[in-house]
There are 2 protein chains.
Amino acid sequence: MRLTTKGRYAVTAMLDLAFHSQAKPVTLTDIATRQTISLSYLEQLFSRLRKAGMVTGVRGPGGGYKLSRPSKDINIAEIISAVDEQVDSTKCGGEGNCQNNQPCLTHDLWMGLSEQIRQYLSGISLGSLLEREFIVEVANRQDNDLETLVELDSLQEKISA
Amino acid sequence: MRLTTKGRYAVTAMLDLAFHSQAKPVTLTDIATRQTISLSYLEQLFSRLRKAGMVTGVRGPGGGYKLSRPSKDINIAEIISAVDEQVDSTKCGGEGNCQNNQPCLTHDLWMGLSEQIRQYLSGISLGSLLEREFIVEVANRQDNDLETLVELDSLQEKISA
DNA sequence: TTATTGTTGACTAAAATACTTGGTTTTATT
DNA sequence: AATAAAACCAAGTATTTTAGTCAACAATAA
């Protein structure tokens, strides 16, 4: 289990999706705007998430993405694993071939740490995050910001017309 | 607390140093050979470790590095912090300015995780690692490998002479 | 039919990582 | 005094990863 900004982006996007999941699917364009992540980068991440069976894409107008499972049943660890492509085993990635096909000196330590992180993150679901006050506050603020942005855009259009 | 291969290298090197700490200092050349890390890269890492007050350099022939404190009093978290230069706060590094000077949606989550990792790693000392069977085994194997390497070298020299 | 959205792949820019080169200083040993 | 072994230092380079761009195609609601 590696921890990179890629994984963080994925979790943020999934949390945004979970928060805005009503009847309608959520478009990546909306998520990109709210979370200030590049749209095409999101597309790449959601391609992975879709293949991992965590989200479902709905094409065409009114389409977007939906969670494939209830948010309570999606944990953070699996989101990160889905996008981080468990990478080369050259450097202590998985099994003990970190130094000339033998375990490196600290192999044991990193295995323990990985397990620790995995357990912590797999114990947290998207659903449980949605119950945290702090997160709901941030999400609501982002929704307001997006609304004012949209208003500004339509004003701009009226002016240039 | 970021987790990179840089930090892993530092911990590995420090553990090697702790394991071979007798009366004499340990040279970086030895550590580099045993752990297959580039010598100059090690020098850079040890420059940081020295400035952080964790090791002491001894110059001249017979010199090398020594731990500044007993191995029981050096924990893994501080080794990683010493080399990883806590980096820009642009992306959720420290305080909540991850998205346009506001906390990002998952700020709360990563703070919790960081704390979790820090607590885990600061609870593990070099000394305690040296008591783990697995680690001692690996270290001993590496010592043997180094010995045969040295033997091979002197044979080579005799041949070419 | 058209606009909207997902889907895919190839390519690029910037940053971080890992490593190299080439020195200088200190100091034990001869 | 000369030499060699080591730490120390700074700049540069190669590789990899990250983050993002571009351009096309596919499905589908309106």
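Sequence lines set the chain letters: A, B, ... in the order given, protein chains first and strands last, and positions in each chain run from 1.
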> Between atom CG of B/Leu42 and atom CG of B/Asp16, what is the distance when rounded to the nearest 0.5 Å?
Replying inline: 9.0 Å
>> Closest-nucleotide mapping onto DNA chain C: is B/Pro61 or B/Leu39 further toward the 5' terminus? I mean the 5' end.
In response: B/Leu39
> Base, sugar-phosphate, or nothing: which does A/Phe46 touch, judged by heavy atoms less than 4.0 Å apart?
Replying inline: nothing
> Which heavy atom in B/His20 sits nearest to a heavy atom in B/Val26, and how many Å separate them?
Replying inline: O-CG2, 3.5 Å
> How many angstroms lie between atom CD of B/Glu133 and atom CD1 of B/Ile135, to the nearest 0.5 angstrom?
Replying inline: 11.5 Å
>> Side chain of A/Leu28 only, heavy atoms from C-beta on: which candidate in C/dG6, D/dC9, C/dT8 is closest?
In response: C/dG6
> OP1 or OP2 of D/dA6 less than 4.0 angstrom from a side-chain nitrogen or oxygen of B/Tyr65, does that happen here?
Replying inline: no
> Considering heavy-atom distances to DNA chain C, does A/Thr29 or B/Gly7 have its closest nucleotide positioned more toward the 5' end?
Replying inline: A/Thr29
> B/Arg8 CZ to C/dT17 P: how many Å, rounded?
Replying inline: 12 Å
> Distance check: side-chain N/O of A/Tyr41 vs OP1/OP2 of D/dA19, anything under 4.0 Å?
Replying inline: yes
> What integer distance in Å separates A/Ile31:CD1 from C/dG6:P?
Replying inline: 9 Å
>> Without decimals, in angstroms, what is the distance between B/Leu49 CG and D/dC8 P?
In response: 11 Å
> Of all the choices, D/dA19, C/dT17, C/dT8, which nucleotide is nearest to the side chain of A/Thr5 once you look at every atom?
Replying inline: D/dA19
> With no angle test and no hydrogens, is the base of C/dG6 tied to the side chain of A/Glu43 by a donor-acceptor pair under 3.5 Å?
Replying inline: no
> Which nucleotide, C/dG6, C/dT20, D/dC8, lies nearest any side-chain atom of B/Ser40?
Replying inline: C/dT20
> Rounding to a whole Å, what distance do you find between A/Arg59:CZ and C/dT8:C1'?
Replying inline: 9 Å
>> Please determine whether a side-chain nitrogen or oxygen atom of B/Thr4 lies at a distance below 4.0 Å from atom OP1 or OP2 of C/dA16.
In response: no
> Rounded to the nearest Å, what distance is computed from the CG atom of residue B/Leu45 to the P atom of nucleotide C/dT17?
Replying inline: 11 Å
> A/Lys6 NZ to C/dA14 C1': how many Å, rounded?
Replying inline: 15 Å
>> Measure CD1/B/Ile37 against C1'/C/dT20 and give the value in whole Å, please.
In response: 16 Å
>> Quick test of your reading of the model: are B/Glu78 and B/Arg118 salt-bridged, counting only N-O distances below 4.0 Å?
In response: no
>> Using every non-hydrogen atom in the two residues, find where A/Ser71 and A/Ala18 come nearest and quote the distance to one decimal.
In response: CB-CB, 4.3 Å
> What about A/Gln44: does its side chain form a donor-acceptor pair under 3.5 Å with the base of C/dT7?
Replying inline: no
> Any sub-3.5 Å donor-acceptor pair from A/Asn140's side-chain atoms to A/Val136's backbone N or O?
Replying inline: yes
> In whole Å, what is the span from the CG atom of A/Leu42 to the P atom of C/dT8?
Replying inline: 16 Å
>> Reading DNA chain D from 5' onward, which residue's closest nucleotide shows up sooner: B/Gly63 or A/Thr36?
In response: B/Gly63
>> Please confirm whether the shortest side-chain N or O distance from A/Arg50 to OP1 or OP2 of C/dT8 is below 4.0 Å.
In response: yes
